[in-house]
Amino acid sequence: MKIALAQLNYHIGNFESNTQKIIESILKAKDQGADLVVFAELAVSGYPPRDFLEFTEFIELCETSVSKIAEVCTGIACIIGTPTRNPRTEGKDLFNSAVFIAEGKVKATVNKALLPTYDVFDEYRYFEPSAEFSCIEFKDKKIALTICEDLWNINDNPLYITAPMDQLIAEGPDIMINIAASPFAYNHDDNRVKVLSDNSKKYNLPLLYVNHVGAQTEIIFDGGSFVFNEKGEMLDQLKYFEEDMRIYEFSDGKIQGLEPIPYSPLPDIEQIHRGLLLGIKDYFKKSGFSKAVLGLSGGIDSAVVCALAAEALGAENVMAVLMPSKYSTDHSIQDALDLVANLGCQHHIVAIKEAADAFEHMLEPAFTGLPFNVAEENIQARCRAIVVMAFSNKFGYILLNTSNKSECAVGYGTLYGDMAGAISVLGDVYKTQVYQLANYINREREIIPQNSIVKPPSAELRPGQKDSDSLPDYDVLDGLLYQYIELKKSSRDIIAKGFDEELVRKVIKMVNKAEFKRYQTPPILRVSPKAFGMGRRMPIVGKYLS
């Protein structure tokens with residue numbers, strides 16, 4: 001039996017595109033002699049469909065797509081993920097299902113048991129968990145088919161005493177297939193490989209695993225579909241961050257013609273770089289836009305975002321707007337101009353001094369006798385937001401936000417100012433990682449000016465301002481934030497690791513206090529195991545000092 005794995009980039013709710021891609025892959029696999037082609041979890045609808053699932057028409061369109069796909073499944077079979085209706089009156093209305101199609105018909109349906117509700121997942125909101133598992137028989141072989149989480153955290157789920165595979169193994173399957181929608185995080189692949197390898201060894205069966213690739217707003221899928229032998233040894237892996245399809249020969253209980261290969265994960269910063277590029281590309285493509293605008297200050301954050309946008313969209317599709325204030329330094333303007341020259345993107349220079357002075361003059365009667373403070377600083381940031389949004393509205397460009405995760409965490413940013421944008425490119429990338437990204441982007445030639453990398457970071461909203469005036473060194477701050485945000489450690493635990501007690505309590509208070517800002521910021525491209533946004537849901541008015 002020849003089995004094809006089709007790792008595709010789907011578009012949530014775009015049934016025409018998704019169905020066409022699936023059918024094209026089926027026909028291609030058939031031409032290459034495949035007997036079975038396997039697609040990812042909820043491939044028909046795209047993942048995660050969220051509240052689209054609550055619309056009857058959406059489910060009907062899924063069913064229509066499955067019917068169209070079935071029509072071409074003659075002389076070849078397929079396994080594909082789709083929502084299906086729960087025929088019972090009790091429980092949720094839908095299942096998260098994998099349907100097996102052969103001879104032009106749906107021959108079998110497998111429903112997901114373990115419905116994750118952690119981090120970005122919220123499947124139990126929509127789907128009924130299954131408690132019934134049976135192998136699929138095809139070409140005199142038994143296939144143990146599972147869906148994503150059903151191979152993962154079974155021991156942590158109190159609803160099920162027996163893992164799906166523990167039930168399926170009793171039927172004597174010949175091979176395991178797992179279809180998944182496993183989001184990208186730069187440290188996730190190691191765990192994913194271990195889980196898949198452990199399952200292969202535990203059940204002494206070859207395992208074929210297929211994942212999504214592509215970005216759905218903030219969630220990025222890196223692909224990385226795998227094949228393991230019955231010993232848990234990796235035999236092959238599909239491309240990362242790209243569509244791919246490969247065919248494998250299965251006979252005599254083994255995947256034929258492949259020798260074990262070493263697992264060689266990409267370096268973290270390369271994964272982040274490729275993930276962000278894919279996130280930008282797909283956000284624009286799937287939203288129907290092609291051109292981006294951003295404010296370019298000469299600092300490291302906006303420089304990295306500009307370079308990423310130029311690589312993802314083409315430099316000709318990126319507009320950089322330089323908006324010097326009366327506090328901007330000559331070298332910052334020159335650094336921005338040098339970057340524009342290196343990239344070849346479009347740019348405009350729009351000074352904001354007159355606008356900021358006008359606002360200060362308007363407010364002078366009310367502010368008389370009061371010292372210059374954050375109010376005047378934020379006026380400048382909001383003037384810049386007005387300018388870049390004017391470019392967005394006039395030319396149909398999408399505004400890219402340039403704030404990094406360190407700033408987002410502690411609220412070091414101006415709401416309705418530099419925190420504006422349609423999508424946040426670096427909102428899940430700590431400042432120290434931004435510097436690593438800059439050096440990675442410059443790995444072959446200088447794109448980001450060296451001065452933008454080595455100079456002390458500054459918002460330049462008052463004379464001589466530096467980030468270090470308000471924040472600890474980023475090496476210290478980012479380490480502390482990682483403990484609190486990603487690892488969810490308490491203040492006591494963080495202090496025990498050697499961080500200064502006063503600093504720990506101050507930073508955690510800043511993080512918690514800034515929650516109201518994060519609720520009003522754009523979606524953030526997720527590259528870490530714990531990003532701000534849908535995967536970290538905190539109350540705004542809660543009082544909690546960990």
Q: Would you please classify the geometry between the Phe221 ring and the His212 ring as parallel, tilted or perpendicular, with 30° and 60° separating the classes?
A: tilted

Q: If I compare all heavy atoms of Val388 with all of Val293, which pair ends up nearest, and what's the gap?
A: O-CG1, 4.0 Å

Q: Say whether Thr432 and Asp478, considering side chains only, have a donor N or O and an acceptor N or O under 3.5 Å apart.
A: yes

Q: Return yes if a side-chain donor-acceptor contact under 3.5 Å exists between Tyr47 and Glu123, otherwise no.
A: yes

Q: Apply side chain to side chain contact (heavy atoms under 4.5 Å, CB included) to His273 and Ile441, showing your working.
A: CA-CA 8 Å; His273 178 256; Ile441 290 168; 4.1 Å; yes

Q: Minimum heavy-atom separation for Ala309 and Ile280, please, with both atom names.
A: N-CD1, 4.2 Å

Q: Hey, what do you get for OG1 (Thr217) to CZ (Arg50), rounding to the nearest 0.5 Å?
A: 6.5 Å

Q: Determine, stepwise, if the pair Ile219 / Met534 fulfils side chain to side chain contact (heavy atoms under 4.5 Å, CB included).
A: CA-CA 10 Å; Ile219 300 178; Met534 63 179 295; 3.9 Å; yes

Q: With ring-ring contact (aromatic ring centres under 6.0 Å, His included) as the criterion, how do Phe241 and Phe184 come out once you've worked through the C-alpha distance, each side chain's angles and the decisive distance to 0.1 Å?
A: CA-CA 10 Å; Phe241 302 103; Phe184 165 70; 5.3 Å; yes

Q: Does one side chain, of Asn14 or Lys21, offer a donor that lies under 3.5 Å from an acceptor on the other?
A: no

Q: Strictly distance-based, threshold 3.5 Å: is any side-chain N or O of Arg536 a donor or acceptor partner for the main-chain N or O of Asp119?
A: no

Q: For Tyr416 versus Arg382, what's the shortest heavy-atom pair and its separation?
A: O-CG, 3.6 Å

Q: Side chain to side chain contact (heavy atoms under 4.5 Å, CB included) for Glu364 and Phe367? Distances and angles first, verdict last.
A: CA-CA 5 Å; Glu364 189 174 0; Phe367 288 1; 5.8 Å; no

Q: Can you confirm whether the side chains of Asn96 and Glu41 place a donor and an acceptor under 3.5 Å from each other?
A: yes

Q: In Å, rounded to the nearest 0.5 Å, how long is the span from OG of Ser406 to OH of Tyr430?
A: 7.0 Å

Q: Ion pair present between Glu354 and Lys326, side-chain N to carboxylate O less than 4.0 angstrom?
A: no

Q: Rounded to the nearest 0.5 Å, what separation is found between the CD1 atom of Ile220 and the CZ atom of Arg526?
A: 9.0 Å

Q: Starting from the C-alpha separation in whole Å, work towards a yes-or-no answer on side-chain hydrogen bond (donor to acceptor under 3.5 Å, both in side chains) for Asn512 and Tyr484.
A: CA-CA 11 Å; Asn512 296 345; Tyr484 183 54; 2.8 Å; yes

Q: Taking the ring of Phe289 and the ring of Tyr397, is the distance between their centroids below 6.0 Å?
A: no

Q: With a 4.5 Å cut-off on side-chain heavy atoms, are Ile494 and Val507 touching?
A: no

Q: Measuring centre to centre across the rings, with the benzene-like ring taken for any Trp, is Phe516 within less than 6.0 Å of Tyr519?
A: no

Q: Looking at every heavy atom in both Leu337 and His347, which two are closest together, and how far apart are they?
A: CD2-NE2, 3.8 Å

Q: Do you see a donor-acceptor pair shorter than 3.5 Å between the side chains of Asn187 and Asp268?
A: no

Q: Got a salt bridge between Asp190 and Lys194, using NZ or NE/NH1/NH2 to carboxylate O under 4.0 Å?
A: no

Q: When you check the side-chain N and O atoms of Asp51 and Tyr126, is any donor under 3.5 Å from an acceptor?
A: yes

Q: Taking Arg246 first and then Asp236, would you say they form a salt bridge - that is, a charged N and a carboxylate O separated by under 4.0 Å?
A: yes

Q: If I compare all heavy atoms of Ile524 with all of Glu218, which pair ends up nearest, and what's the gap?
A: O-CB, 2.8 Å

Q: Is Lys513 atom NZ crowded by more than 12 heavy atoms from other residues, nucleotides or ligands, each under 6.0 Å away?
A: no

Q: Restricting to non-hydrogen atoms, name the atom on Ala40 and the atom on Tyr10 that form the minimum distance, rounded to 0.1 Å.
A: N-OH, 4.0 Å

Q: Decide yes or no on side chain to side chain contact (heavy atoms under 4.5 Å, CB included) for Val321 and Leu296, but give the supporting numbers first.
A: CA-CA 6 Å; Val321 185; Leu296 190 63; over 6 Å; no

Q: Between Tyr435 and Ile453, is any pair of side-chain heavy atoms under 4.5 Å apart?
A: yes

Q: Look at the aromatic rings of Phe372 and Tyr327 and report parallel, tilted or perpendicular, splitting at 30° and 60°.
A: perpendicular

Q: For Asp428 and Ser528, run side-chain hydrogen bond (donor to acceptor under 3.5 Å, both in side chains): C-alpha distance rounded to whole Å, both residues' side-chain angles, the deciding distance at 0.1 Å, then the answer.
A: CA-CA 7 Å; Asp428 197 30; Ser528 83; 2.9 Å; yes

Q: Is there a donor in the side chain of Gln216 and an acceptor in the side chain of His11, or the other way round, less than 3.5 Å apart?
A: no

Q: Specify whether Tyr118 and Phe121 have parallel, tilted or perpendicular ring planes, treating 30° as the upper limit for parallel and 60° as the lower limit for perpendicular.
A: perpendicular

Q: Are Asn373 and Glu377 linked by a side-chain donor-acceptor pair shorter than 3.5 Å?
A: no

Q: Would you say Thr402 and Asp418 make side-chain contact, with heavy atoms under 4.5 Å?
A: no

Q: Give a yes or no on whether the backbone of Tyr240 and the side-chain of Asp222 come within a donor-acceptor separation of less than 3.5 Å.
A: no

